[in-house]
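Only one structure is covered here, and it is reproduced in the block below.
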Number of protein chains: 2
Amino acid sequence: MREKLESYFGFVFEKELLDEIELLGTYKKLRENELLVDLGDKMKGVPLLLEGAIKIVREDKNGEEILLYFLERGDTCASSFASAISNGKCGIRAIAEKESEIIFLPKEKLDDWLVKYKTWRNFVIDSYNIRLNEMMETIDTLAFMRMDERLYKYLRDRAQIMRETSLNTTHQEIAYDMHTSRVVVSRLLKQLENEKKVKLHRNRIEILEF
Amino acid sequence: MREKLESYFGFVFEKELLDEIELLGTYKKLRENELLVDLGDKMKGVPLLLEGAIKIVREDKNGEEILLYFLERGDTCASSFASAISNGKCGIRAIAEKESEIIFLPKEKLDDWLVKYKTWRNFVIDSYNIRLNEMMETIDTLAFMRMDERLYKYLRDRAQIMRETSLNTTHQEIAYDMHTSRVVVSRLLKQLENEKKVKLHRNRIEILEF
DNA sequence: GATGTTTTGTAACAAATGTTACTAAACATT
DNA sequence: AATGTTTAGTAACATTTGTTACAAAACATC
């Protein structure tokens with residue numbers, strides 16, 4: 001654990017903070033598709049992502065879903081931070097997109113560290129900023145792009161997160177993430193295939209052009 | 001200034017912090033429609049909103065706009081905070097929706113205060129959380145609602161911010177905020193009028209049902 | 001290989017949103 | 001009063017997105 005901590009956070013946090021994190025944090029491994037945070041959960045701490053990728057999804061009262069963004073190694077979940085420190089509920093769902101490793105930091109220390117460590121303050125503020133910017137990008141996508149562009153962007157983003165040029169997924173799964181219907185996804189994927197941007201297989205989409 | 005500061009922030013900040021804010025902050029009055037922050041600005045500080053309402057708008061590279069949310073008294077602009085503390089650029093535009101009063105806090109003190117004042121830490125974290133939640137609400141609106149519902153929500157939200165039951169605005173202005181066309185807005189407004197939810201006048205929309 | 005299940009393809013249609021074009025009303029200016 | 005400008009109303013049509021229905025292909029299981 002210390003090794004991975006050093007390798008992704010060694011240049012972010014000062015030594016004393018790394019020591020505290022090692023002492024107080026709990027390491028956890030997540031299987032693919034494992035649920036990390038569910039809607040309405042009260043967080044007892046915040047996760048630092050050491051390895052893997054986490055999908056963050058928003059769900060409204062009618063159970064309708066939409067993908068917000070992905071977390072990568074080095075990231076933390078700003079929404080959990082919010083929930084942990086204020087004892088409030090979390091408005092999102094977090095699912096491991098692939099096998100991942102996290103360190104769970106207990107909420108009791110979050111505020112102490114803000115006082116003690118400048119690097120922690122920077123990290124927290126940066127995390128919030130990154131997340132605000134991701135949200136804005138999501139809003140741009142929803143407000144300004146048509147479904148075909150959104151789909152292509154979705155495929156590229158997801159491939160990038162997975163560090164693959166092929167995605168193992170179904171049209172239905174994409175439809176859930178994008179909050180549209182499977183038929184629409186199939187139609188637009190076929191269109192992208194005709195434009196030679198992707199190649200379609202069963203349970204797999206190959207991205208030809210980034 | 002001290003009076004207004006006390007009345008909106010007296011229960012939020014401790015006395016020493018209020019003293020510092022009074023000493024180091026600069027008071028500013030904004031006319032209606034005055035531009036407070038523009039896209040790409042580097043912020044020299046963050047505004048605390050004492051009075052009035054500020055409209056926060058997102059613009060993409062093609063100059064297309066969409067309303068993100070409103071700030072009310074007691075709020076601050078999380079996006080400016082981000083920009084100020086990291087010396088980065090601001091990704092939004094902020095315009096006074098009505099005559100407003102703000103205190104501008106110099107960016108040099110933002111980090112110091114995080115160490116010195118627990119109330120400041122809480123305020124900053126709360127502000128980020130509120131903003132993240134607003135962004136999620138905006139995303140919900142874009143992803144899950146049809147244009148007619150979005151329009152009705154827009155009217156109610158804006159009226160609430162203005163503390164009025166009538167809005168002085170044009171169909172074109174609404175279209176800009178919602179990133180649609182004037183014709184669509186006129187059509188849907190007429191529909192809302194038929195449903196007795198609003199009453200239309202020239203340059204004014206009366207909201208009959210909240 | 002027969003059977004059932006999951007995934008994909010596609011047509012036909014419906015609904016929502018966007019666009020163009022024109023008109024009329026309200027208001028302002030001279 | 002005549003004129004121009006801004007704002008709003010509406011029809012007709014185009015495009016985008018969503019829905020329903022069905023068939024075929026790929027795969028899994030027996």
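Side chains included, hydrogens not; waters and symmetry mates left out as well; all remaining heavy atoms used. Each chain gets a letter, A, B and so on, in the order the sequences are listed, and its residues count up from 1. Just so you know, these numbers come straight off a predicted model, no measurement behind them.
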Original post:
Is it true that a side-chain atom of R150(B) and a backbone atom of M178(B) form a donor plus acceptor pair closer than 3.5 Å?
Top reply: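 A pair under 3.5 Å: yes.
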
Between [atom2] of [N] and [atom1] of [X], the distance in whole Å:
| X | N | atom1 | atom2 | value |
| --- | --- | --- | --- | --- |
| N203(A) | dC27(D) | CG | P | 8 Å |
| N168(A) | dT7(C) | CG | P | 13 Å |
| D148(B) | dG18(C) | CG | C1' | 15 Å |
| M178(B) | dG18(C) | CE | C1' | 14 Å |
| Q172(A) | dG9(C) | CD | P | 14 Å |
| L167(B) | dA8(D) | CG | C1' | 17 Å |
| E193(A) | dT8(C) | CD | C1' | 11 Å |
| H201(A) | dT6(C) | NE2 | C1' | 18 Å |

Original post:
Do E65(A) and H179(A) get their side chains close enough for a donor-acceptor pair, meaning under 3.5 Å?
Top reply: no

Original post:
Taking atom types as modelled and ignoring hydrogens, do the side chains of N87(B) and K107(B) form a donor-acceptor contact shorter than 3.5 angstrom?
Top reply: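 Note: N87(B) and K107(B) side chains meet the donor-acceptor criterion.
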
Original post:
Taking only N and O in the side chain of T180(B), is any of them less than 4.0 Å away from OP1 or OP2 of dT17(C)?
Top reply: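 For T180(B), the contact criterion (side-chain N or O under 4.0 Å from OP1 or OP2 of dT17(C)) is not met.
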
Subject >> N or O in side chain of R202(A) less than 4.0 angstrom from dT8(C) OP1/OP2 >> reply: no

Subject >> Spatial distance of atom OG (S166(A)) from atom CD1 (I207(A)) [nearest 0.5 Å] >> reply: 7.5 Å

**OP:** May I ask you to say what S181(B) touches in the nucleic acid, namely base, sugar-phosphate or nothing, with a heavy-atom cut-off under 4.0 Å?
**Re:** base

Original post:
More 5' along DNA chain D: V183(A) or M145(A), using each one's nearest nucleotide?
Top reply: M145(A)

Subject >> Residue whose closest nucleotide on DNA chain C lies nearer the 5' end, R204(A) versus M147(B) >> reply: R204(A)

Subject >> Side chain R182(A) and base dG9(C) donor-acceptor under 3.5 Å >> reply: yes

**OP:** Report yes or no: is there a donor-acceptor pair, N or O only, under 3.5 Å between the side chain of R187(B) and the base of dG18(C)?
**Re:**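 Such a pair is found, so the answer is yes.
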
Original post:
Which residue, L192(B), N168(B), I174(B), T165(B), forms the side chain to side chain contact (heavy atoms under 4.5 Å, CB included) with I205(B)?
Top reply: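 The passing option is I174(B).
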
